[in-house]
Structures are given as structure tokens and as C-alpha cells.
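The structure under discussion appears below in the form of C-alpha cells.
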Amino acid sequence: MKVLNFGSLNYDHIYEMDHFITPKETASSLSYSRSLGGKGLNQSIALAKAGTEIYHAGMVGYDGDVLIKYLQDFGVNTDYLKQDPKNATGHAIIQVCNAENCIILFGGTNQMITPEMIDEVLEHFEAGDVLLIQNEISSLSDLIVKAHAKGMKIAFNAAPMNEKVFTYPLEYVDLLIVNEVEGKGLAKTERTDYEGIIGALQKAYPANEILLTVGGDGSYYIHGDTVIHQEAFPVEAVDTTAAGDTFTGFYLASILQKKEPSEALRIASKASSVCVQYKGAAVSIPSAEDLELI
Ligand code: RIB
């Protein structure tokens, strides 16, 4: 059984702010740094650090060598990662304020994934293999349909959440992964309380397994009538960027290691509680050994 993450890769530009910028305002940042990220790359790193053998497919631009090398340094297989010589890699502009973040994406080469490239990559995978995706690349409907036709298991992190998500064949997705904002959007509910969001998700997606992360209030595993809650590990958060990606990677790795959802939730929650104590995206993802320390 092989695990394929067909996902985004970004250069992150991170601005530490004393407040999130508002319309008509010009504001100075407290600090600026550059980091490697993209929900796809972060999740591949998290899976690799959690001990999973992982293939990362996607597209970087002429400036993408550093991202490819970074994945390789952590043992991620990049055989199906392409480089476009003419266009720029995707990037993200991230404001961080009181440990929370706001992210603006420029898709770049992440939005140049074509049905032809999907065919080329999926040729190397078969029934029973696992496909992980996020909502940061193009041609996702095509990818989901083709992976499902092959008999692959599909996990979809519906982030960023937008109207395009409703055009995807979500009935082919085995595991949906959302935070509370994405969960509310996905369930099309006006409710903002967790009970309301969970109820609406159960009603809209009765057959899918769902992971709902709710920051400092922990996380939920939802499947039909089954709801399991995991408390967050109490830590001093500095930057929550990539906490969700860390959660996704460690949850999936634990399930692939045949752990029960409740135990996978506990491990994923522990991993993201380590991640939030450090600044940056991929760089803040812990290894399985780091989890022994808390
Ligand atoms: O989840 C965090 C990631 O979202 C960042 O690394 C950024 O690149 C965006 O994709």
C-alpha cells in the first residue's frame, strides 16, 4: 500500500502583526520572515516525520529547487513532482497576530496541475493505495474521480474552503478534514457552536469519516452517529500556522499504523500542540520522537 499526497508547495512570507490589517489601513509589521510551506508540503513533511513512506506529487516553478530538496531531505519521494521552467511557484502571505493567522494565497504552479499530469502520476498507484489532497491545486474533481475509479482511499483537507469544494465529487472522499470555519462552510450551517456544526456535518455527510479541529478546544472524529472528542494539550501557542497540517499528517500516519481513531486523534493533537509552540510552517512540524518529550 502506497501513500500519495498530490498537493501544493508554497514559499511563505510571514509578517508578525500587532493586529490584523483592515480595509484602508497601512500598517507596519513587527517582523518578517520567509519559510517553506503550502498545505501539501506541510502535510507530506508531517507524514514523513510521523514515520510514513510518502510520495509527493505536484508542481513547482523555475524557483522551486529549494522546496524539492526540502522534501527529499525528510525522505519524501519526489519522483512525481514536476518543475515548470516558465512560471513561478505558489506563495502565501501570512499575517500572524496573537498566535492566530490570516493567509493570502497566490496559486502559481499549484494551479497548473492538468488532467494529463494526473493520469501520468496515478499510473503508478493502485487499488488500496491512499490519496491525500488539499484544496490548493487545480483539477481536483478529475483527480478525485480517477483515484476513486482506481479504488484508492481518499482523504481531503477542504482548506481553503470555498465554493469550488461543492463542485467536487465528495461522495468519493473517505475522510474529510476541516477546522471549525471550514466545517461550518462545508455543512452550510449558520450555527457557530460545535454541537451545531457537528450536527450539520453529520446530516450533510452521513457516510464520510470527518475530522473537525477546533483549535484550543481540541478535535472531533465524526462518523455517522459516532462522535469522539479529544482535548487539546495545554501549551503556550506562539504561531498556529501548519498546526492543522501537522494534525492531518499525524492522524493519517497513525491510522495507517492501524491505530484506532481515538488514539490517532490523541497523537495528532499532541503533535499539533508541539507545532504551535514554534514559529513558521513546515519548520515547526515535530518528529515522532519529539512527541515522547511531552
Ligand atoms: O496551513 C498553512 C499553509 O497554508 C501555509 O504554509 C501556506 O503556504 C498555506 O498553504
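Remember, it's a predicted structure, so these values are computed and weren't measured experimentally. Note that ligands are numbered from 1 as they come in the structure, with each ligand's atoms numbered from 1 the same way.
Here the heavy atom of the protein found nearest to atom 10 (O) of ligand 1 is Glu136 OE2, 2.8 Å. Closest to atom 1 (O) of ligand 1, if we only count protein heavy atoms, is Asp245 OD2, 2.7 Å. Nearest protein heavy-atom contact of atom 3 (C) of ligand 1 is Asn42 ND2, 3.7 Å.
In this comparison of Asp12, Ile94, Asn135, the heavy atom closest to atom 6 (O) of ligand 1 sits on Asp12.
Relative ring orientation between Tyr55 and Tyr80 is described as parallel, the plane-to-plane angle staying below 30° on a 0-90° scale split at 30° and 60°. Taking the six-membered ring where tryptophan is involved, the planes of His13 and His91 are perpendicular, since the angle between them exceeds 60° and thus also 30°.
Under a 4.0 Å criterion applied to the non-hydrogen atoms of Lys39, ligand 1 contributes the atoms 1 (O), 2 (C), 3 (C), 4 (O), 10 (O). Residue-ligand proximity, Ala281 to ligand 1, at heavy-atom distances under 4.0 Å covers atoms 6 (O). Each of the atoms 7 (C), 8 (O), 9 (C), 10 (O) of ligand 1 lies under 4.0 Å from some heavy atom of Asn10. Within the listing of ligand 1, atoms 6 (O), 8 (O) sit less than 4.0 angstrom from a heavy atom of Gly37. Close approach to Ala92 involves these atoms of ligand 1, each under 4.0 Å from a residue heavy atom: 7 (C), 8 (O). Close approach of ligand 1 to Ile103 is summarised as follows: ligand atoms under 4.0 Å from at least one heavy atom of the residue are 4 (O).
Cluster annotation: Met117 is not connected to Leu81 through the hydrophobic network of ILVMFWY side chains, with a link wherever side-chain heavy atoms come within less than 4.5 Å.
Residues Ile21 and Tyr15 form no side-chain contact, since every pair of their non-hydrogen atoms from C-beta on lies 4.5 Å or further apart.
The line from CG of Asp174 to NZ of Lys153 is 4.5 Å long, rounded to the nearest 0.5 Å.
Distances shorter than 4.0 angstrom do not occur between any heavy atom of Ser8 and any atom of ligand 1.
With Lys146 contributing its side chain and Ile118 its backbone, the two residues share no donor-acceptor pair below 3.5 Å.
In this structure, a donor-acceptor pair under 3.5 Å is present between the side chains of Asn5 and Ser44.
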- Asp193/Arg191 under salt bridge (charged side-chain N to carboxylate O under 4.0 Å, His left out): CA gap, chis, key distance, verdict: CA-CA 6 Å; Asp193 59 306; Arg191 296 273 297 263; 2.8 Å; yes
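For ligand 1, the polar-atom distance check finds an N/O of Gly38 within less than 3.5 Å of one of the ligand's N/O atoms.
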